[in-house]
S.K.: 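Have a look at this one before I ask anything.
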Amino acid sequence: MSARLKLAPAAAGARILGLGSSQPERIVTNDELAERVDTSDEWIRERVGIVSRRIAAPETPLVEMAADAGSKAVADAGLSPSDVDTVVVATCTMPNPIPNAAAQVGHRIGISAPGAFDLNAACAGFCYGMGTAADQIRAGSARNVLVIGAEKLSHWIDWDDRSTCIIFADGAGAAVLGPAQAEDEVGVGPLVWGSAGDMHEVIRILDGPGESNAIHQEGQTVFRWATTQIAPIAVRAVEAAGLTLADIDVFVPHQANLRIIDAVARRLRKAGAREDMRIAQDIVHSGNTSSASIPLAIDHMRAAGEISRGDVMLLVGFGAGLSYAGQVVICP
Ligand code: UT7
């Protein structure tokens, strides 16, 4: 007879205990970019919805922003670093793949010997991180997990390419997830995820001979894909949580382009979402920060009093891969 293995005691599920975010001080306006490339404030506002973005100093490492956001989330959760046992950093812009960001971030925050790993699902990374963290907690393999979306896209931008330098920006957002004691305390719904690997070339780092080692995207192709494919994924996430679109108080999509956000929200309203559903528009002053955009938006909306404890929030991330993921969460 084979050995019988003991499993860790399972939890009812996971819930969000705290939130935090961090952005560089430097604000870069559209007019400043127009001094370098052939663009205008009017074009960027109309076509993308960005008014300004935050760009980190060259010497500021990604892990510094991640640790700042992470330690704020731990404090907001009412925990001390020693209460956290796992750190997940969703990122696609580390300057080098080794060492990973998560172990460094845990060390900077003062978390002792956490399980620590990075996760690359590009702009869907935060939702992937939240989903895997919630499942670790539910399975009993982790207790309090710090999930961070952190990006320093400025490191990978060709500042002479007007199709990308006006979009991307830097920042980090974080959430601490912990166990729900009972089923009615569960605050992170099931993850709905997937990918369209046949479209992997439409967002990538060009790194061939003579290429610039910078992010390139086929904007219109991604735009068409996002405006048609993301609403059905969001609906699946709502259904997986046992809810209907009318239950959603707040919609927080990846902040890629205000026109994409509006198009997806219109589709959701046609399918039953309420007119008074609040919609994250953090892109206006944060730009597109990839995996950081969703937690940055949530933290900023909470600070502005636009969302409050108990709100039912629909998250959906999408981007390079192409990868996508969504889930319903309860605002802490
Ligand atoms: O976060 C990961 C997921 N990414 C996304 O979801 C991005 C999705 N795509 C987009 O958001 C949009 O496609 C972009 C914002 C990237 C571009 O906007 P667009 O409305 O699709 O513009 P376009 O690429 O179709 O270009 C239209 C025109 C072109 O000129 P012509 O050929 O019509 O003369 C471009 O050369 O606009 C020109 N253009 C610009 N003009 C002024 C492109 N970039 C700029 C610019 N300023 N920065």
Side-chain angles (χ1 to χ4, degrees), residues 28-53 55 90-93 120-128 149-171 173 194-197 199-206 214-231 233-234 252-265 267 280-284 286-297 315-326:
V28 175
T29 62
N30 295 337
D31 285 337
E32 186 177 339
L33 294 174
E35 284 169 18
R36 176 153 183 169
V37 292
D38 181 15
T39 189
S40 67
D41 180 48
E42 191 190 3
W43 192 95
I44 300 170
R45 283 179 195 240
E46 267 179 21
R47 309 295 291 184
V48 199
I50 298 173
V51 169
S52 63
R53 74 283 290 141
I55 299 294
T91 185
C92 58
T93 52
N120 180 353
C123 307
F126 185 73
C127 293
Y128 271 76
E151 305 287 1
K152 191 176 175 189
L153 282 138
S154 59
H155 181 82
W156 296 97
I157 290 171
D158 174 354
W159 289 98
D160 293 317
D161 177 0
R162 69 175 181 172
S163 71
T164 51
C165 75
I166 55 123
I167 298 171
F168 295 115
D170 302 332
S195 59
M199 296 177 74
H200 66 276
E201 290 203 325
V202 301
I203 309 176
R204 64 197 174 103
I205 305 273
L206 292 176
I215 294 176
H216 169 81
Q217 76 169 341
E218 292 172 27
Q220 277 194 13
T221 308
V222 184
F223 189 95
R224 271 196 303 277
W225 173 80
T227 49
T228 54
Q229 302 304 308
I230 296 308
I233 292 154
V252 190
H254 165 50
Q255 304 287 293
N257 183 321
L258 205 53
R259 288 190 294 140
I260 295 177
I261 295 169
D262 288 345
V264 177
R267 278 175 174 250
Q281 299 194 329
D282 197 55
I283 187 169
V284 176
S286 295
N288 177 341
T289 55
S290 189
S291 72
S293 84
I294 290 175
L296 272 174
L315 317 183
V316 58
F318 55 90
L322 298 175
S323 297
Y324 52 83

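Order of appearance sets the numbers: ligands from 1, and atoms from 1 within every ligand. Sequence positions, counted from 1, serve as the residue numbers for this chain.
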S.K.: At their closest point, which heavy atom of S286 faces which heavy atom of A169, and how far apart are they?
M.R.: O-CB, 3.3 Å
S.K.: Would you say atom 2 (C) of ligand 1 touches the protein, meaning some protein heavy atom is under 4.0 Å from it?
M.R.: yes
S.K.: Could you state the interatomic distance from CD1 (I283) to CZ (R259), rounded to the nearest 0.5 Å?
M.R.: 10.5 Å
S.K.: Side-chain donor-acceptor pair under 3.5 Å between E151 and T289, yes or no?
M.R.: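 No donor-acceptor contact under 3.5 Å links the two side chains.
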S.K.: Does the pair V202 and Q217 meet the rule for a side-chain contact (heavy atoms from CB on, under 4.5 Å), with working shown?
M.R.: CA-CA 5 Å; V202 301; Q217 76 169 341; over 6 Å; no
S.K.: Can you measure from OG (S291) to NE2 (H254) and round to the nearest 0.5 angstrom?
M.R.: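 Between atom OG of S291 and atom NE2 of H254 there are 9.0 Å.
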S.K.: For R259, take its heavy atoms, then give the atoms of ligand 1 lying under 4.0 Å from any of them.
M.R.: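 Those atoms are 18 (O), 19 (P), 20 (O).
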S.K.: Heavy-atom contacts with C123 under 4.0 Å: which atoms of ligand 1 show up? List them by number with element.
M.R.: 1 (O), 2 (C)
S.K.: Can you tell me how the ring of Y324 sits relative to the ring of W225, calling it parallel under 30°, perpendicular over 60° and tilted otherwise?
M.R.: tilted
S.K.: Hey, does the side chain of N30 reach the backbone of I50 with a donor-acceptor pair shorter than 3.5 angstrom?
M.R.: yes
S.K.: Quick check: does H254 get an N/O under 3.5 Å from an N/O on ligand 1?
M.R.: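 Right, the criterion is met.
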S.K.: Rounded to the nearest 0.5 Å, what separation is found between the CZ atom of R47 and the CD atom of E42?
M.R.: 11.5 Å
S.K.: Determine whether the side chains of D161 and S163 contain a donor N or O and an acceptor N or O closer than 3.5 Å.
M.R.: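 Yes, side-chain donor-acceptor contact under 3.5 Å.
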S.K.: For atom 21 (O) of ligand 1, grab the closest protein heavy atom and report residue, atom and distance to one decimal in Å.
M.R.: Q220 CG, 3.5 Å
S.K.: Among protein heavy atoms, which sits nearest to atom 5 (C) of ligand 1, and what does the distance come to when rounded to 0.1 Å?
M.R.: V222 CG1, 3.5 Å
S.K.: Between D38 and R162, does at least one N-O distance fall below 4.0 Å, as a salt bridge requires?
M.R.: yes
S.K.: Examine the proximity of ligand 1 to T39 and report which part, side chain or backbone, both or neither, has a heavy atom under 4.0 Å away.
M.R.: both
S.K.: Show me which atoms of ligand 1 lie under 4.0 Å from any heavy atom of V48.
M.R.: 15 (C)
S.K.: When you measure from atom 34 (O) of ligand 1 to the protein, is at least one non-hydrogen atom found at a distance under 4.0 Å?
M.R.: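 Under the 4.0 Å cut-off, atom 34 (O) of ligand 1 has no protein heavy-atom neighbours at all.
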S.K.: Give the single entry among F318, W225, W43 that approaches atom 17 (C) of ligand 1 most closely by any heavy atom.
M.R.: W43
S.K.: Please classify the N288 to ligand 1 contact at 4.0 Å (heavy-atom distances, strictly less than): side chain, backbone, both or neither.
M.R.: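 The answer is the side chain.
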S.K.: If only atom types and distance count, is the side chain of R204 paired as donor or acceptor with the main-chain N or O of A320 below 3.5 Å?
M.R.: no
S.K.: Output the list of atoms in ligand 1 that are nearer than 4.0 Å to some heavy atom of I166, sorted by atom number.
M.R.: 48 (N)
S.K.: Please list the nearest protein heavy atom to atom 38 (C) of ligand 1 with its residue and the distance rounded to 0.1 Å.
M.R.: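 Protein heavy atom with the smallest distance to atom 38 (C) of ligand 1: R162 NH2, 3.5 Å.
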S.K.: Are any side-chain N or O atoms of W156 and backbone N or O atoms of T93, one a donor and one an acceptor, separated by less than 3.5 Å?
M.R.: yes
S.K.: Taking only heavy atoms of R47, which atoms of ligand 1 are found under 4.0 Å from at least one of them?
M.R.: 19 (P), 20 (O)
S.K.: Is ligand 1 under 4.0 Å from a heavy atom in the side chain of I167, in the backbone, in both, or in neither?
M.R.: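 Looking at I167 and ligand 1, just side chain atoms fall under 4.0 Å.
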S.K.: Report yes or no: does A226 have a heavy atom closer than 4.0 Å to ligand 1?
M.R.: no
S.K.: Would you say G219 and ligand 1 have an N/O pair spaced under 3.5 Å apart?
M.R.: yes
S.K.: Could you list which atoms of ligand 1 come closer than 4.0 Å to a heavy atom of Q217?
M.R.: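 So the atoms of ligand 1 that pass are 4 (N), 5 (C), 7 (C), 16 (C).
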S.K.: For N257, take its heavy atoms, then give the atoms of ligand 1 lying under 4.0 Å from any of them.
M.R.: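 It comes down to these atoms of ligand 1: 10 (C), 11 (O), 12 (C), 15 (C).
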S.K.: Taking only heavy atoms of I260, which atoms of ligand 1 are found under 4.0 Å from at least one of them?
M.R.: 6 (O), 8 (C)
